[in-house]
Amino acid sequence: MASRATIDPDKLPKHFDSAEAERRWDARWQELGVYHYDPSRAREETWVVDTPPPTTSGTLHIGHVFSYAQPDFVTRYQRMRGKSIYYPMGWDDNGVPTERRTQNLFHVRCDPTLPREPGLALEPANAKAKSSPPRVISRPDFIALCARVTAEDEKAFLALWRRVGLSVDWRTEYATIDANARRMAQLSFWDLFHKGHCYQSDAPFMWDVDFQMAVAQAEVEDRQRPSAYHDLEFAVESGGAFTISTTRPELLGACVGVTAHPSDARYQGLFGKRAITPLFRAPVPIFASEKADPEKGTGILMVCTFGDQTDVEWWRDHKLALRQLIGKNGRLVPVTFGSETFPSQDADAANRCYAELSGRNLKQARTRSVDLLRDPANSATGTGPPLVREPKPIEHAVKFYEKGDNPLEYLPTRQWFVRLLDKKEQLLAKGAEIKWHPEHMSKRYEDWTRNLAYDWCVSRQRYFGVPIPVWYALDAAGKPNYEKPIVAEPKTLPIDPMTDAPPGYQEAQRGQPGGFAGEADVFDTWFTSSMTPQIASRWLLEPERHARLFPADLRPQAHDIIRTWAFYTIAKALLHEDKVPWRQIAISGWILDPDRKKMSKSIGNTVTPTEPIDKHGADAVRYWAGSARLGVDTALDENVFKVGKRLVTKLFNASKFALAQSAEAGPIASELDRAFVGELRALVEDATAAYEKLDYARALELTESFFWKRFTDTYLELAKARARSEHDAAGRASAVATLRLALSVLVRLFAPVLPFISEEIWSWAFAQETGHASVHSAPWPSAADFAGIAAPADGASFEASVACYLAINKAKADANVSSGRETLRLALAAAPETRARLAPVISDVLAAARCAAHEFADDDALAPGAVAVRDAVFAERAAEV
RNA sequence: GGGCGCGUAGCUCAGUUGGUUAGAGCACCUGCCUUACAAGCAGGGGGUCGCAGGUUCGAGCCCUGCCGCGCCCACCA
């Protein structure tokens, strides 16, 4: 594109005020609609980003800018490539973190049995208020409060995203709790239910006693915890005794069996007999099981309902009794020994013991149990204390809910599940269809999928979430029929079964015999988040739109949520439509503090994003994000911000200078210019290839390096004099045209990473000239920019002129003379080929070196391309202006 | 215990299918106000590429083993 416009540098600001430019351009972009999605374009011309909805209740830190800027780079590139961009932003506000934050902020608790209090107006609680018991409020009031809290959090995120220039189409903003997201999650359930992928189960499952809810495998983590082996003596009903080893003596009352390995010689005689437990004198079957490890403990152990996952399996496989001792709140429930459920051969003794434990939490119950076990009176054998030796401390792994403070327990509760275990192969196949960046991250997905041990538990006993859209008919006795749930129909969604009545029922029948009951549980937050591509495409609601936006092109996300967000999203797309949700997934690395520790709120090493942005500018912070490769954890280094800021300043200055050359531009005809353009063309090809591979970091590095080394440090210096020449009109026109072209190309190459300074420069001349009001909707540089420019006579002539120019500069440095000093006498030497190569460009080199006269000798001994300065005399002082 | 990744200059990191003498920025040293930019420019010093073997004409890169760091997963009697 031939450039005509020039600028008056005196009319431009002396310095680039990044904060001012950030405000101005953000407003302008919104006004122009630069980032608006164009729904009229075909799927192939559209680039769809499945943006991660940030957890609004989390702490904002600099890592957010890092991971959200990276997809913005490739998306800006795609936009400049002419794609219609669908780049939404959602807020992940439903779920446990928001509830917890709301509870803390307002010092409230939710009691779903309470009625709504009209006109309830709460204020954030101060420290004094927090010393008194929390205010208990109704479910609708609690939900309203959660919504209020997240609305505030969303504002902070929105402001940050706008400040750092994410090229999001803000008309697409959504929240995972809003009506459309609720509708989509409930539609998802409806579809899965009718396809037979959903089921209810009241089998024992992982339960958090503090949150009092079930959790899925993906939310479970192991933590090393101190514990102890307690060796307890059990009696054998027909006579004799043996010792089991347990870490959970508090569950003795829940013991329903005893087992050892079938080949364990020590216990051969016991199988088929009954054991009598200490404390409670309960008779329990002794059976053989391959799952018992002869090496562990004493090789024989008690099975409780439920101490761990293996207990669940023994209980199920051997049809053992259910003696549920742990309540949903993690305290031992009241039970009576000597009953059918809790048999005992000495009910009075058993109940005396249990009175000491009932109502206590598990930790207290353990301590108390050990006390009781030290008492010989509680022995099942009558031969001394049941605890045969002091507990032996150990460290072992215990399962925790990732947000929980107490170990998970296994409780039989009714939960909704999505069947996944039978679909591992399909899940793996879908994962393999997706292009992972970096590639090795796909391993995380494969390993997780292969090792999946449970179906997906999707019900949560929470309030601020998407309700499970089902009701249960109540029989004449008021008992719910879980076998035949009433699932809400698509056209009615979203609904809340706790406030809406099912079809064919009146609200007055809620809870009445012969009436109905609403499902009180809400979905796991991932049940909604796993639908982000469909929320965007409005799956089932707008089929045409869905066809244009699904599957998405890019899913950006962090690696810690591959097993949750990525996994569930792939699972949903598989179950709903047998498709992949996106073609590519880009995994960002983590930001580590300078000591290489992960930034986290609990460690207290987070850095707020506003400070670096205020100090260095949004472009500089983006530059830092653009310097890091996908998937690579990066230590926060303030120096990189500074380097980014320096680049922005240099771009500002160099652009002012290049555009201030007021001479008329003409055909690019000079050898130096053509050779330089040849290099520029190669840069465009390389940077484009890098962006195609999502390698924005490579593209940035190439562009930046070219900009400094080939443009400002050399080409600009070499062409400067000619651009202002009074004798060589053609050469002048060629130089001016080349400067403009280079600037136009470089600014566009930088635009994805440095949107503000690029736009600023673009606005000076190119916007008007090209008719593209924003650089961000201007075409990405391509062969079209170089059409009509002849190739140089010698592709290496630019390189040769740089070598010659630098050799002269070195001579000046050796002489402690400024580069700007005039060169009075100069004797150069080079191999004959090099000399010949320099002939068409030497005048530019000499002009840059401020040299009027020179000698040039052949020297075969010099390496090809090398130029030696044999003699040089420089002016005593700088020339008068 | 299984898996993945990393280990290159004082620091942060590149190093593209194995190919001259291993790079950048920062930091450091020297010089320079030079008609875009001192928030700048020119020049310079600095590396046993974690260790040990192997393959190859040739290894930072490929193979084997080991050491260290990080992450993911598993491990509840």
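Letters go in sequence order (proteins before strands), and every chain restarts at 1.
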So what does A/R724 touch, heavy atoms closer than 4.0 Å: a base, only the sugar-phosphate, or nothing? sugar-phosphate
Using the C1' atom as the reference point in each nucleotide, state the distance between B/rC63 and B/rC26 in Å, no decimals. 37 Å
Considering only the P atoms, how many Å lie between B/rU64 and B/rC69, rounded to the nearest integer? 23 Å
So, the side chain of A/R732 versus the backbone of A/S725: is there a donor-acceptor pair under 3.5 Å, distance only? yes
With a non-hydrogen cut-off below 4.0 angstrom, is A/L716 in contact with a base, only sugar-phosphate, or nothing? base
A/F711 CZ - B/rA36 P separation (whole Å): 13 Å
Look at all strands and tell whether A/A658 reaches a base, only sugar-phosphate, or nothing, counting heavy atoms closer than 4.0 Å. nothing
Which whole-number value in Å describes the distance from A/R821 CZ to B/rG31 P? 15 Å
Whole Å only: how far is the CG atom of A/D17 from the P atom of B/rA39? 17 Å
P atoms of B/rC57 and B/rG18, separation to the nearest Å: 16 Å
Heavy atoms only, 4.0 Å cut-off, all strands: where does A/I394 land among base, sugar-phosphate and nothing? sugar-phosphate
Expressed in angstrom and rounded to an integer, what is the separation of A/W590 atom CH2 from B/rC71 atom C1'? 6 Å
d(CG, A/L452; C1', B/rC72) in whole Å: 15 Å
Using the C1' atoms only, state how far B/rC49 lies from B/rA24, rounded to an integer number of Å. 16 Å
From CA spacing to verdict: salt bridge (charged side-chain N to carboxylate O under 4.0 Å, His left out), A/E701, A/R698: CA-CA 5 Å; A/E701 182 186 287; A/R698 175 80 181 146; 3.2 Å; yes
Just checking A/W708: base, sugar-phosphate only, or nothing, at a heavy-atom cut-off of under 4.0 Å? sugar-phosphate
Within the 4.0 Å heavy-atom criterion, would you say A/E638 contacts the bases, only the backbone, or no part of the nucleic acid? nothing
May I have the distance from A/F874 (atom CZ) to B/rU34 (atom P), rounded to whole angstrom? 15 Å
If I pick the P atom on B/rU21 and the same atom on B/rA14, what distance separates them, to the nearest angstrom? 25 Å
Reckon A/S819 touches a base, only the sugar-phosphate, or nothing at all at heavy-atom distances under 4.0 Å? base
Has the side chain of A/K650 got a donor or acceptor atom sitting under 3.5 Å from an opposite partner on the base of B/rC37? yes
Rounded to the nearest Å, what distance is computed from the CG atom of residue A/D293 to the C1' atom of nucleotide B/rC75? 12 Å
Who is the Watson-Crick or G-U wobble partner of B/rC76, with both distances under 3.5 Å? none
A/W448 vs A/F567 aromatic rings, parallel, tilted or perpendicular, using cut-offs 30° and 60°? perpendicular
Find the partner of B/rC71: check Watson-Crick (N1-N3 plus N6-O4 or O6-N4) and G-U wobble (N1-O2, O6-N3) distances, both under 3.5 Å, and reply none if neither fits. B/rG3
Any strand, both distances under 3.5 Å, Watson-Crick or G-U wobble: B/rG25 pairs with B/rC11
Parallel, tilted or perpendicular: which one describes the rings of A/W624 and A/F66, with boundaries at 30° and 60°? tilted
Does A/V643 or A/E717 map to a spot on RNA chain B nearer the 5' end, using the closest nucleotide for each? A/V643
Could you please name the option among B/rG25, B/rA36, B/rG43 that lies closest to any side-chain atom of A/A654? B/rA36
Gap in Å between the two P atoms, one belonging to B/rA9 and one to B/rG60, rounded: 15 Å
Given the C1' atoms of B/rG45 and B/rC29, what is the spacing between them in whole Å? 7 Å
Scan A/K642 against the nucleic acid and name what it touches under 4.0 Å (heavy atoms): base, sugar-phosphate only, or nothing. nothing
Is the phosphate of B/rA36, meaning OP1 or OP2, less than 4.0 Å from a side-chain N or O of A/K720? yes
Would you check if the side chain of A/Y696 reaches a backbone N or O of A/A628 as a donor-acceptor pair within less than 3.5 Å? yes
From B/rA39, B/rC32, B/rG25, pick the nucleotide closest to the side chain of A/T649? B/rA39
Do the ring planes of A/Y568 and A/W526 sit parallel (below 30°), tilted (30 to 60°) or perpendicular (above 60°)? tilted
Hey, is the main chain of A/L452 close enough, under 3.5 Å, to the side chain of A/K424 for a donor-acceptor pair? yes
Ring pair (Phe, Tyr, Trp, His ring centres under 6.0 Å) for A/Y805 and A/Y715? Distances and angles first, verdict last. CA-CA 10 Å; A/Y805 175 60; A/Y715 178 74; over 10 Å; no
Please determine, for B/rU35, whether a Watson-Crick or G-U wobble partner exists with both distances under 3.5 Å, and give it or none. none
Closest to side chain of A/L806, choosing from B/rA74, B/rG43, B/rC37: B/rG43
Once you apply a heavy-atom cut-off of 4.0 Å, does A/Q224 come out as touching a base, just sugar-phosphate, or nothing? base
Mind checking if A/Y410 touches a base, just sugar-phosphate, or nothing, with heavy atoms under 4.0 Å? base
Does the side chain of A/R563 get closer than 4.0 angstrom to OP1 or OP2 of B/rC73 through an N or O atom? yes
Would you indicate what A/K709 reaches in the nucleic acid, counting non-hydrogen atoms under 4.0 angstrom: base, sugar-phosphate, or nothing? sugar-phosphate
Can you figure out which of B/rA39, B/rC76, B/rC33 approaches the side chain of A/H396 most closely? B/rC76
On a whole-Å scale, what distance lies between the P atoms belonging to B/rC13 and B/rA22? 23 Å
Whole angstrom is fine here: how far is it from CD1 in A/I562 over to P in B/rC72? 11 Å
Base, backbone or nothing for each nucleotide of nucleotides 2-17 of chain B, written B, S, -, heavy atoms under 4.0 angstrom, 5' to 3'? -SSS------SSS-B-
How would you label the contact of A/K296 with the nucleic acid (heavy atoms, under 4.0 Å): base, sugar-phosphate, or nothing? base
Taking a pair to mean Watson-Crick or G-U wobble geometry with both distances below 3.5 Å, B/rU17 pairs with none
Would you please classify the geometry between the A/W436 ring and the A/Y445 ring as parallel, tilted or perpendicular, with 30° and 60° separating the classes? tilted
Out of B/rC75, B/rA39, B/rG43, minimum distance to the side chain of A/H15 belongs to B/rA39
Parallel, tilted or perpendicular: which fits the ring planes of A/F652 and A/W764, with parallel below 30° and perpendicular above 60°? perpendicular
Base, sugar-phosphate, or nothing: which does A/Y229 touch, judged by heavy atoms less than 4.0 Å apart? sugar-phosphate
Who is the Watson-Crick or G-U wobble partner of B/rU30, with both distances under 3.5 Å? B/rA42
Between A/K615 (side chain only) and A/K642 (backbone N and O only), is there a donor and an acceptor less than 3.5 Å apart? no
The residue, A/N816 or A/W448, whose nearest nucleotide of RNA chain B is more 5′ is A/N816
A/L427 backbone acceptor or donor facing A/T449 side chain under 3.5 Å: no
